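Remarks on the structure that follows.
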Amino acid sequence: MRRYNPQEIEPKWQKVWEDTKLYEVDTSDGSRKFYIIPMFPYPSGDLHIGHWYNFAPTDTVARWHRMQGRRVLHSIGFDAFGLPAENAAIKRNIPPAQWTKDNIAAMTKQLKTIGPSYDWSKVVTTSDPAYYRWTQWLFLKLFEKKLAYRAKGVVNWCPKDQTVLANEQVVGEDNVCDRCGTPVVRKEMEQWYFKITDYAERLLKDLDEMDWPGRVKLMQTNWIGKSQGALIDFKLDGSEDKISVFTTRPDTIFGATYMVLAPEHEILRQLSISDEVKKYIEQTTRKTELERKEAEKEKTGVFTGSYAINPVTSEKIPIWVADYVLMGYGTGAIMAVPAHDERDWQFAKKYDLPIKGVVIHDFGEPLADEEYVEGVVVIAYDPKTKKYLALDKWANGVGLAGGGINEGESYEECARRELLEETGISDVESWIRLGEPVYSHYYNNLKDTNKRSLGQGYLAIVDSSQKLKESGLEAHENFQPAWIDMDSIRVGINKLRPSKGTGGVDHWLEMCDRAEKAVEAYMNQQPYEQDPYSGEGLLINSGGYDGLPSAEAREKIVADLAKQGIAKEETNYRLRDWLISRQRYWGPPIPVIYCDKCGIQAVSEKDLPVQLPENVHFRPTGQSPLLQDENFVNTKCPSCDGPAKRETDTMDTFVDSSWYFLRYPSPDFEQGPYDPQIVKDWGPVDHYIGGIEHAILHLMYARFITMFLRDYHGLPFEEPFKKLSNQGIILGPDGHKMSKSRGNVVSPDEQVTSYGADSLRLYMMFMGPYDQGGPYNLGGITGTRRFLERVWSLAGEFTEAQPGSPGAKEEVELTSAVHRTIKSVSQDLEQLAFNTAIASMMSLVNELHARRESTGIARTPAWQNALDSLVLLLAPFAPHIGEELWQDLGHKTSVHSTKWPMWDELLIKQETVKLAVQINGKVRAEIEVSVDISEAEAIEKAKSADKVVSYLEGKEIKKAIYVPGRLVSLVVA
RNA sequence: GGGCGAGUGGCGGAAUUGGUAUACGCGCACGACUCAAAAUCGUGUUCCGCAAGGAUUGUGGGUUCGAUUCCCACCUCGCCCACCA
């Protein structure tokens, strides 16, 4: 028998596939199309293991679709513009174009060793003038629609890479450049932007319907950051001027006790302000982003000396300037509600501004036929023992003292009375009111009624040497007042949690939290203060709106203020426009000309591409090297033909990658970025596979550009990627991110040399769930290599075997095993569960092996079918050995053009099945029964099973449960 | 601080309309073949226990005949966002 030698068969088949153009697809025919691609790589020059982890599984899925008779377009390209090429030029004195070209050649060679089913006639390289011509065209089209514009503003500047960055490219806690990790600085510059914010609502709304990982959808949702609220005008005291604020919580307006302006707010120029305020404004506006971040914990601000009028209370409220309000969001002014906003609260505490609570908690969901009650909750505390007094053994948990208020009684009187009645404590050192009362909805199981209660909490400081009551009273006669630690009280209260009407429990837990805070304050001799509450609830201290749920009050208040013409509903987004200019060389030049007479002029479409000059001088000066190339810079104005200068900034590489997938189906089209008919037939991408790191950047930009092209340039779809999958990240064997400095880099090339590409592909898909990634275990690949060896030897032995006649039993068993495997591999592939798909193939191989050991392999139709099916299932995962063995098994055409096998449910079904027998929940025996046994028979058989009998002796069977195909469960006593 | 996700043998992991936990692989041990080794093949391998048996899916509690799966609280780790009003 021949040995399995991947070094021989892999290059052999790669060459055959390329020579026969097996994977080239004629895109003029769009029938049964399936368009699947990985995210194209940046040509760094070296294909690393992460690339393999992206490309190999994508290839497996592509091959699987092809075997199901689809016309698959699977292609690759290079995201070839970008900084590293330029840095290499500076460092090694090689032109970026040359460096890029060499890298692409090297990577193409590496790529081919994977044995991918790419259509090599449709490779796209973004630095190719024939490509970036259309990137520039895209700019012109956006410019035409005023969606590309030039504006002055504060931008993020990376001092190391010497260029501006988009918001999306500034990451992490310290606001660093996502490429080099240097903290960015803020600079005011005039730059080019794409108006992605015009598409914010569509970008958000489409997400609902998309077959994308929830995580990515969530990240995009957060990034777009839609918030609905209202604009409300506050009049300036003693003036006709007004200040408009944006708020998402108009329901809290009665609690707006002051107002804050961003230091950059325009109205500050009109107000008469002191020098002190001017100085503050100057200081804060000059701060860099980093400095503002560092100062984050400590908010600063100054009082302007002016007042505004709260439109609902008509109260004068002071206007402050503070750095915690940003000019870039909303109106740059806020109404501050310290009782219900964490930031306003901190600020109010620091500067001693009034805090007014207007929303109180409303725990639990409203219940049917609620009875309204008012009462108190009392927690006692002894500072000496540090224990709290609660009602132990209350309905098998722990309760708190308290009860309903009597006619004419104050809250505090009620608290005093309840504490005495339920615990026996009469001597209280100090009573502390625990903030505002709260509402709760709960079910009283003793009286079988639903309650809606308004409860006031109290903390009583007492000495625990007082005698406690022996036991509880009336309805809950079992409880026992006891001194307990707070954690145990919480656990005890949680035990009471009912399935409905959980408000009572949550109410108590809230009071526990408040009691602890109050104790801390008491020990420090401070008054107790309620924490700011930013949740929903019911309104208090809000005039005619008292008692309304906050959501309802929001709408009502805005509607009422709108009638007076001082409020309107408003939606805000966090998404900012996309800054696309870069002060670098290696990118598509922005096709714009500046003329002293005519201003900003777009380059005429017929003059595209604006070619990047090749011979430029590289120095990291903070200005584009193009600036020094006079031949490039000096040109004629397209409008007046007078002398003019070109824009020397280039475009962000994310512009290149925001439309490349539209080019693959017609890469050589010269009349536009894509052939309109072909893109209509082949778009959108049916399945897009790549890393989570592009969740926001690339995937948001590509969606925006696709929407734009749909609106104005004939695309019949607005979402570019129907289905998206993310691969996980492969770590080094030590569990850390692979890096040269750590010395934990696994070279895929070495793995291929030692084990073969098929083994590597298989191992990467076998090591765990695809979207999870994880450490690369160097020993693990031996398992998939062994598996392939076993497949190889089975096929080899079969081809050398003598014809035989099959036994009927053997045939049935073989067929059943094969169909079971076809089913699970097919279903697993559907969900990209490669690891379990491979595991079931391994199981089949183990079974075939065992059969060979016991009865041997004969040339029978059953064996032929078993091995054919196995090879077909394996082919998308390990394409080379699949092709080789397919030929060995006597087939003339490529396995990759052969139909994927189907399974037959009837052939999988077995005649008998094993049932577990449980006694009181424990498995005690196993019985083998016919699949279609009746319930009564199964139970009867279970009872008489060997081991079961002894367990049943002298016991009565209370219950018997039969789950067909699974088990019989007997409950005995 | 907020949001999302995860925690199962020595290791990677499998199992969810609640139904025999540990499939598949790595590693390890023993055996066969061999002068020997590698490779290959076979047997075993969650833990405790000689065994009978018992325990076990981060911890504690709950619902259930039955919980890795559902509910509650907590712990740990990972990712994303972070003064967005």
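The structure presented is a predicted model; accordingly, all values stated were derived computationally and were not measured.
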Inset, instruction - Assess whether one donor atom and one acceptor atom, taken from the side chain of Glu853(A) and the base of G42(B), lie less than 3.5 Å apart. - result: no

Give [X] one of three labels, base, sugar-phosphate or nothing, depending on what nucleic acid heavy atoms sit under 4.0 Å from its own.
| X | answer |
| --- | --- |
| Ser969(A) | base |
| Pro775(A) | nothing |
| Asn572(A) | nothing |
| Arg924(A) | sugar-phosphate |
| Glu342(A) | nothing |

Legend entry - Nucleotide nearest Thr782(A) (side chain, heavy atoms from C-beta), chosen from A85(B), C26(B), C83(B): C26(B)

Hey, does the side chain of [X] come within less than 4.0 Å of [N]'s phosphate (OP1/OP2), counting only N and O?
| X | N | answer |
| --- | --- | --- |
| Lys299(A) | C83(B) | no |
| Arg786(A) | G27(B) | yes |
| Asn835(A) | A14(B) | yes |

Protein and nucleotides 2-11 of chain B: nitrogen or oxygen contacts under 3.5 angstrom:
none

Using atom [atom1] in both nucleotides, what's the gap between [N] and [M] to the nearest angstrom?
| N | M | atom1 | answer |
| --- | --- | --- | --- |
| G19(B) | C70(B) | P | 11 Å |
| U68(B) | G7(B) | P | 13 Å |
| U56(B) | G9(B) | P | 14 Å |

Legend entry - Paired nucleotide for G27(B) [Watson-Crick or G-U wobble; both distances under 3.5 Å]: U45(B)

Inset, instruction - Sort out the partner of U63(B) for me: Watson-Crick or G-U wobble, both distances under 3.5 Å, none otherwise. - result: none

